[in-house]
*Asks:* 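I have a structure here, written as structure tokens, and I will follow up with some questions on it.
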Amino acid sequence: MKGLAGNDRNAIEAIYKAHYSMIQTLVINNSGTSDDARDIFQEAIIVLYEKAKSGSFELHVQLKTYIYAVCRRLWLKKLALNQRFSGDLSNAPETIATEEDIELYEHRTQDFELMEHALQSLGEPCKELLESYYIRKKNMSEIAKEFGYTNADNAKNQKYKCLMRLKKIFFGHYNNN
């Protein structure tokens with residue numbers, strides 16, 4: 001906290017590296033974008049900076065728990081303002097995420113990183129085919145035409161084979177970690 005209060009660049013970078021992915025996961029999983037996550041995290045860092053600068057701030061929970069709670073509250077307020085959240089926040093409890101919740105987010109982030117690594121290891125054309133289907137939401141007829149398969153059924157069979165290869169690579173990495 002002293003490093004943050006003293007505007008130490010290394011302290012600020014350490015906070016970003018340690019906690020940003022958790023907040024990005026929170027925001028993206030709750031109707032947000034990467035840009036929204038950056039904005040919310042910036043606001044939380046400003047709140048934390050102002051608290052640390054006051055000199056009277058005492059942290060009674062882990063830093064990641066505090067940052068998560070601040071970001072969650074800021075994000076819920078933003079959702080309410082944007083009317084993307086249909087609930088009434090006036091009765092929402094002022095809760096702080098438990099260590100188990102944070103560990104779950106960290107575990108999910110690690111799983112996503114392992115999946116990204118597995119997808120990169122998959123190679124072409126499987127990587128591109130799976131991205132076309134799952135990310136770009138193309139149908140099998142479009143994929144068949146794009147990849148030169150004779151029909152949608154052949155494209156579907158190839159997608160299945162690629163998915164099985166990806167699964168094998170992913171679980172190979174997963175079990176090694």
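Any value given below was found using the heavy atoms of this structure, including those in side chains, with hydrogens, waters and symmetry copies removed.
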*Asks:* Do you know which two heavy atoms are closest between A37 and Y20, and how far apart they sit?
*Replies:*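 Smallest interatomic distance, heavy atoms only, reads CB-OH, 3.7 Å.
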*Asks:* In terms of heavy-atom contacts, does NZ of K127 have more than 12 from other residues, nucleotides or ligands at under 6.0 Å?
*Replies:*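 Yes, NZ of K127 has more than 12 neighbouring heavy atoms, counting only those of other groups under 6.0 Å.
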*Asks:* Please determine, by modelled atom types, if Y16 and Q42 share a side-chain donor-acceptor pair under 3.5 angstrom.
*Replies:*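 Short answer, yes.
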*Asks:* Can you tell me how far apart CD1 (I28) and CG (D35) are? Round to the nearest 0.5 Å.
*Replies:*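 Separation between the atoms: 9.5 Å.
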*Asks:* If you count every heavy atom of other residues, nucleotides or ligands that lies below 6.0 Å from Y149 atom OH, does the total exceed 12?
*Replies:*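 Count over threshold, so yes.
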*Asks:* Is the backbone of T33 close enough, under 3.5 Å, to the side chain of D36 for a donor and an acceptor to pair up by distance?
*Replies:*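 Pair found, side chain donor or acceptor close to backbone of T33.
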*Asks:* Less than 4.0 Å between a side-chain N and a carboxylate O, is that true for E43 and R73?
*Replies:*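 Salt bridge: no.
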*Asks:* Got a second to check how far Y68's OH is from H19's NE2, nearest 0.5 Å?
*Replies:*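 The NE2 atom of H19 is 14.0 Å from OH of Y68, to the nearest 0.5 Å.
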*Asks:* Can you run down the salt bridge (charged side-chain N to carboxylate O under 4.0 Å, His left out) pairs that involve residues 14-25, sequence neighbours left out, and say none if there aren't any?
*Replies:*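 Counting only pairs at least two positions apart or across chains, no salt bridge (charged side-chain N to carboxylate O under 4.0 Å, His left out) contact touches residues 14-25.
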*Asks:* F171, L163: one ILVMFWY side-chain cluster at the under-4.5 Å cut-off?
*Replies:*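 Linked within one cluster.
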*Asks:* Once you round to the nearest 0.5 Å, how far does CD1 of I67 lie from CG of L26?
*Replies:*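 With rounding to 0.5 Å, CD1 (I67) is 12.5 Å from CG (L26).
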*Asks:* Looking only at non-hydrogen atoms, find the nearest pair between I143 and A155 and report the distance.
*Replies:*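 Looking at all heavy atoms of both residues, the shortest contact is CG2-CB, 4.2 Å.
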*Asks:* Of the non-hydrogen atoms in K138 and Y133, which two are nearest, and what is the gap between them?
*Replies:*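 Minimum heavy-atom contact is O-CD1, 3.4 Å.
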*Asks:* Distance-only, no hydrogens or angles: does the W75 side chain make a donor-acceptor pair with backbone N or O of N30 under 3.5 Å?
*Replies:*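 Checking the backbone N and O of N30 against the side chain of W75, a donor-acceptor pair under 3.5 Å is found.
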*Asks:* Hey, what do you get for CG (L122) to NE2 (H117), rounding to the nearest 0.5 Å?
*Replies:*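 Answer rounded to 0.5 Å: 11.5 Å.
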*Asks:* Check whether E142 reaches the backbone of N139 with its side chain - one donor and one acceptor, N or O, closer than 3.5 Å.
*Replies:*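 Checking the backbone N and O of N139 against the side chain of E142, a donor-acceptor pair under 3.5 Å is found.
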*Asks:* Grab the two heavy atoms, one from A44 and one from L74, that are nearest each other, plus how far apart they are.
*Replies:*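 Nearest heavy atoms, A44 then L74: N-CD1, 3.8 Å.
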